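First the structure, in the form of structure tokens, and then the observations on it.
These numbers were taken from a predicted model, which means no experiment stands behind them. The residues of the chain are indexed from 1 along the displayed sequence. Remember, it's 1-based here, ligands and their atoms both numbered in the order they're listed. Keep in mind that the numbers below use all heavy atoms, side chains included, and drop hydrogens, waters and symmetry copies.
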Amino acid sequence: MRFTSLVALAATAFAAEQGFNYGATFSDGTIKKQADFEREFNSAKNMAGHSFTSARLYTMIQGDTGGVIEAIPAAISTNTSLLLGLWASAGQQTFNNEVTQLGQAVAQYGSAFTDLVVGISVGSEDVYRTTDIGIASNAGTGASPDALIEYVAQVRLAVHDNSLFGKPIGHVDTYNVWTNTSYTQGLIYAVDFLGVDAYPYYENTKSNSIDNAQSIFFADLDAVTAVAAGKPVWITETGWPISGPTENQAVASVQNAETYYKDVACSLFSENVNTWWFTLQDQQPVAPAVIFGLAGAGTPPPTTPLYDVSC
Ligand SMILES: *[C@@H]1O[C@H](CO)[C@@H](O)[C@H](O)[C@H]1NC(C)=O
Ligand SMILES: *[C@@H]1O[C@H](CO)[C@@H](O)[C@H](O)[C@H]1NC(C)=O
């Protein structure tokens, strides 16, 4: 009996996060307000076929006010868990403001906020943007592993005396950055979790047809797990576009996006891996060149997805 209840407890403790990535702006650069985040979080939660109840953010700063990002009160009002993000590629001064708003969020919202936090990511693909591949892709300004190690230490210090203390502090980067251990070993030692972004669609030096996409993705994940020094590996971004250019053998289509979701998302969910899918909606109000959003365009994001998201 006691054994049974312990097993039940363990199962509860391992209930993994399932959510989407949420940028601070719409695709035309308009800054999202609290009501916009609330519409998105509610649509994700009420999505026909699968409920997504977690949000990964990229910044703590609300662009139009400089205060706490309004995704925080929206997460509280919709009971959405949070993988917080602090932008780490704009230098120390901007990072200081990220840390200030992290502390401000605790002061302003207290445990209603901190109870929802599942982790804090220092940066997003910052190291990737310093690599040859990132530079060739014009990915923008990045940050070195050494700079990120310093930022992680600053966040640890900032939360040591508030109720975010003990929340995992990590970093998000592309799978091939994490496995480039001559560059990233120190960063791996510095973090509590490794967030992995991996897109077989973009891995255009491989035979990346949709038929191979599942095996490419899980090979990427296994390779990171092998260098993770036993630390948790979370999937912070993956997905397959519904439209966009063909990348080697990878064809963007609604059908292939569904296949990828069934092969990858459903496997991750069944294995209880924390997963933030890319993405709920990236085509509002203007369609980007490559579209991943499974909700389709519209306000609020439609809750009838473009393809079946049940598992
Ligand atoms: C909030 O979400 C968590 C996790 O999904 C759930 O356990 C809890 O019951 C929810 N709380 C409310 C008030 O709905
Ligand atoms: C690996 O790290 C080196 C720096 O040590 C960098 O020059 C190179 O571009 C990286 N390769 C990849 C695939 O990230």
Side-chain angles (χ1 to χ4, degrees), residues 8-20 22 37-38 40-47 50-56 71-84 89 109-119 123-149 167 171-190 194-200 202-206 208 216 219-224 226-228 234 236-237 269 272-277 280 311:
L9 201 64
T12 308
F14 277 106
E17 306 300 326
Q18 297 171 4
F20 293 109
Y22 294 90
F37 285 113
E38 281 172 350
E40 293 184 331
F41 295 167
N42 278 323
S43 289
K45 189 192 267 189
N46 298 323
M47 189 61 61
H50 197 92
S51 180
F52 299 86
T53 55
S54 193
R56 173 180 169 232
I72 304 302
I76 294 168
S77 71
T78 61
N79 192 26
T80 298
S81 71
L82 291 164
L83 173 53
L84 301 174
S89 280
Y109 300 106
S111 62
F113 162 56
T114 58
D115 287 352
L116 293 172
V117 175
V118 299
S124 176
E125 297 191 1
D126 311 84
V127 181
Y128 162 75
R129 291 191 291 275
T130 72
T131 64
D132 301 342
I133 300 174
I135 291 165
S137 306
N138 296 313
T141 307
S144 69
D146 283 349
L148 292 163
I149 291 167
K167 300 288 185 183
H171 170 67
V172 169
D173 229 302
T174 59
Y175 78 96
N176 53 333
V177 159
W178 287 121
T179 56
N180 192 4
T181 49
S182 63
Y183 198 28
T184 50
Q185 188 73 75
L187 183 57
I188 291 171
Y189 286 139
L194 285 68
V196 177
D197 293 357
Y199 292 90
Y202 285 119
E203 293 180 44
N204 54 18
T205 59
K206 299 177 183 170
N208 63 342
I216 290 173
D220 295 346
L221 175 53
D222 289 350
V224 176
V227 301
W234 298 348
T236 39
E237 285 182 32
F269 297 164
N272 279 323
V273 180
N274 285 350
T275 302
W276 291 272
W277 199 252
L280 175 71
C311 288

With respect to H171, which candidate in I149, L194, L187, V177 satisfies the side chain to side chain contact (heavy atoms under 4.5 Å, CB included) definition? L187
Sub-4.0 Å protein heavy atom near atom 11 (N) of ligand 1: yes
Looking only at protein heavy atoms, which one is nearest to atom 2 (O) of ligand 2, and what is the separation? N180 ND2, 2.3 Å
Between the CD1 atom in I188 and the OH atom in Y183, the distance rounded to the nearest 0.5 Å is 13.0 Å
Does an N or O from N79, backbone or side chain, lie closer than 3.5 Å to an N or O of ligand 1? yes
among protein heavy atoms, the one nearest atom 13 (C) of ligand 2 is I133 CD1, 3.9 Å
Less than 4.0 Å between atom 4 (C) of ligand 1 and some protein heavy atom, yes or no? no
I216 versus E203, closest heavy-atom pair with distance: CG2-OE1, 3.3 Å
F52-F41 aromatic ring centre distance below 6.0 Å: no
Could you find the nearest protein heavy atom to atom 9 (O) of ligand 2 and give me its residue, atom name and distance? D132 N, 3.2 Å
Does R56 come within less than 4.0 Å of E17, counting only side-chain N to carboxylate O? no
